[in-house]
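Accompanying notes for the structure given below.
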Amino acid sequence: MSSAQQTATWELQTRQLLLPKLDHEVAECEDFIAEDAETCRFAVTDGATEAFDARNWARRLAQNWVQTHTALTAEDFREWVANEGRELHDSWNSLNLSWYSEEKARTGSFAALVGVELDFKTYSPSWKAIALGDSCLLYCRNGSLLKSLPLSRPENFNSAPVLVASDASMHETSMTSVVIDSGNCNNGDVLLLLSDAMACWFLERFEKGDLDPNELLKTKEDHELKRLFDDERLAGRMRNDDLAVLRIELISGE
Amino acid sequence: MYSAQITRANPTCIVLLIDQSGSMSDPFSGDSSRKKADFVAEVVNHTLHDLVIRCTKTEEVRNYYYISVIGYGRNVSTCFSAELGARQMVPISQVADYPLQVKSSYKRVSDGAGGWVEIPVRYPVWIHPAADGKTPMCDALRKVKDILEHWLKDHPHGFPPTVLHLTDGESSDGDPDEIGQQIMSLGTDDGAVLLFNCHISSRRAGKIEYPTEEASLPDGFARSLFQISSRLPPNFLSAAAQLGVNVVEGSRGFVFNGDPSSIVQFYEIGTSLTGMTPYRWMDDDRRTELA
């Protein structure tokens, strides 16, 4: 899905792609993409497969984070997550759960989140990002990878990242892993918000330099990308996981 | 190898093989108030609980695992009973739905703000302690081989089956080496069947955990179990390391003269499969107390 948003002098061209694990239904996909033109916020979240109600938690985080105006600081993020977590847990109260669902719910839900806010209101346009987990922002300029966060190397991806927990009692330790970064925007810059399997694959491509991932996402049709990523997952070159890609290209009107 | 993704379409199986001979009613690790059979039943029930919780997706349990729990003593048979009793291999969703009972209790946990809160917890029970008869280890391993052969016919491409064998003594029906080797020669495209052995002792004898060489072992019995213990694949090594267990490449899935703490870790490592973070159901305080 592609769209274009216009600010005073900047146009944002965005493209989304969401694919469930191989042999899974779209309704089972636990990755989410959200964007909001008013706040100029964009997010990708990835619900932890093993967690309780991970799909709802990931969706809630993505959709609500792009709509909120909370400051991009670790303190505000922690408070915002605690509120969202409380509301999620409250939504479980009316459920009549089996012993195993009750046990699972007790540990709460978990998801990775990466979000970015673009600011074109100032003379010098800028971006600011926040991330917890292994969903990543890859910031590209002139076809090169300028920055990747919170993870920057393919070998950094493992099966036990610190995630956004819905249970606030875990925040004391988990929130210390929040990564916040910022920078200036240039005409033609491309931001990729990616869930973990995709981010790992893109970072490998950048390291090998064997293709331009930006061009790939810009020029290929959705069905071509789906075939490519299905083949990569089938061949084991990409982990068989849900895949989320949000590509944002910044085009200056001046 | 040992990297196949475990999915509903491509599940794996786990066999828990438990010595239920008469000697399992002896006190454990010098504690006269606790029998070995009681402790093993508790750990097996916790392990099944953990496996169910791992497969729970909100209100559904997905069949990533198929489970067999075989006991041997007076006879060799499944430890499941009631609704689960007639089958050797049970999908994890049915294990979830048919515990014999679900006990309720409270557990003290941190409230994240420096205090403590008590939360309700559930302890399902699938197996009760049993200790009677001799130690027909060879018969039991033959039964396991039979179960695995049936499984592998239908699942030739998945993550290989894992067999976690716990015993407190020597086989009473012969040398288990041959049948053990036969089990270890079975497998899928993704690797050979993993057979791990945990020997436990009533005495506080020096325990040996995950050795790499048989030269370090005290007697022929220990060496024979070592020979039928698979090397820990990298995923399992990583899980063991996360638990603070001293393992190296080449370590066998084998514990000799294990104490209660060794049993807990043996099941945690043995069910870590694809390298997932081990589920620590026992508090650190209690581990220290048991060690």
Side-chain angles (χ1 to χ4, degrees), chain A residues 20-25 27-28 30 47-58 78 81-82 85 88-89 91-92 95-110 158-163 165-175 197 233-234 236 238-241, chain B residues 3-10 46 48-62 64 92-99 101-104 106-107 109-117 119-125 190 235 238-239 242 272-281:
Chain A
K21 296 179 187 79
L22 295 175
D23 302 324
H24 282 59
E25 303 295 323
E28 294 179 297
E30 289 160 331
T49 300
E50 289 198 16
F52 185 81
D53 209 13
R55 192 173 145 77
N56 273 334
W57 181 230
R78 180 174 173 173
V81 170
L88 181 79
H89 288 223
S91 74
W92 299 339
L95 303 176
N96 184 18
L97 299 175
S98 58
W99 72 264
Y100 43 84
S101 295
E102 213 175 274
E103 284 287 281
K104 191 84 173 189
R106 195 162 53 78
T107 52
S109 200
F110 299 88
N158 61 48
S159 57
V162 177
L163 299 172
S166 63
D167 180 352
S169 71
M170 298 184 184
H171 293 172
E172 191 69 36
T173 47
S174 65
M175 286 294 174
R233 288 185 290 182
L234 272 171
M238 178 189 275
R239 201 154 50 80
N240 182 17
D241 200 352
Chain B
S3 59
Q5 200 160 15
I6 300 170
T7 64
R8 282 168 288 178
N10 216 16
H46 269 285
L48 294 174
H49 169 279
D50 169 28
L51 294 173
V52 168
I53 297 302
R54 268 193 222 164
C55 298
T56 300
K57 290 292 295 179
T58 309
E59 293 180 75
E60 168 204 7
V61 176
R62 294 186 173 173
Y64 299 131
I92 193 75
S93 62
Q94 292 186 12
V95 174
D97 285 335
Y98 298 113
Q101 64 181 122
V102 181
K103 296 180 183 173
S104 296
Y106 285 87
K107 185 180 179 184
V109 296
S110 162
D111 66 358
W116 298 92
V117 288
I119 56 165
V121 285
R122 306 285 193 196
Y123 294 113
V125 174
D190 193 45
N235 290 339
S238 154
Q242 286 184 63
S272 61
L273 307 177
T274 49
M276 57 191 68
T277 306
Y279 177 77
R280 295 170 65 89
W281 57 267

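So that the names make sense, note that chain A is the first sequence line, chain B the second, and so on, each numbered from 1.
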Going from [atom1] on [X] to [atom2] on [Y], what distance comes out if it is rounded to the nearest 0.5 angstrom?
X: Asn10(B); Y: Asp23(A); atom1: CG; atom2: CG; answer: 9.0 Å
X: Glu59(B); Y: Phe52(A); atom1: CD; atom2: CZ; answer: 6.0 Å
X: Glu50(A); Y: Arg62(B); atom1: CD; atom2: CZ; answer: 11.5 Å
X: Gln5(B); Y: Arg233(A); atom1: CD; atom2: CZ; answer: 10.0 Å

Practice item. Please answer whether the main-chain N or O of Thr58(B) pairs with a side-chain N or O of Lys104(A) as donor and acceptor at a distance below 3.5 Å. Key: no

Practice item. Take atom CD of Glu25(A) as the centre, draw a 6.0 Å sphere, and report whether it contains more than 12 heavy atoms from other residues, nucleotides or ligands. Key: no

Which pair of non-hydrogen atoms, one from [X] and one from [Y], has the smallest distance, and what is that distance?
X: Lys57(B); Y: Thr49(A); result: NZ-O, 2.7 Å
X: Val121(B); Y: Glu103(A); result: CA-OE2, 3.6 Å
X: Pro99(B); Y: Trp99(A); result: CG-NE1, 4.0 Å

Review point. Which bit of His171(A) is near chain B, if near means a heavy-atom gap under 4.5 Å: side chain, backbone, both or neither?
Key: neither

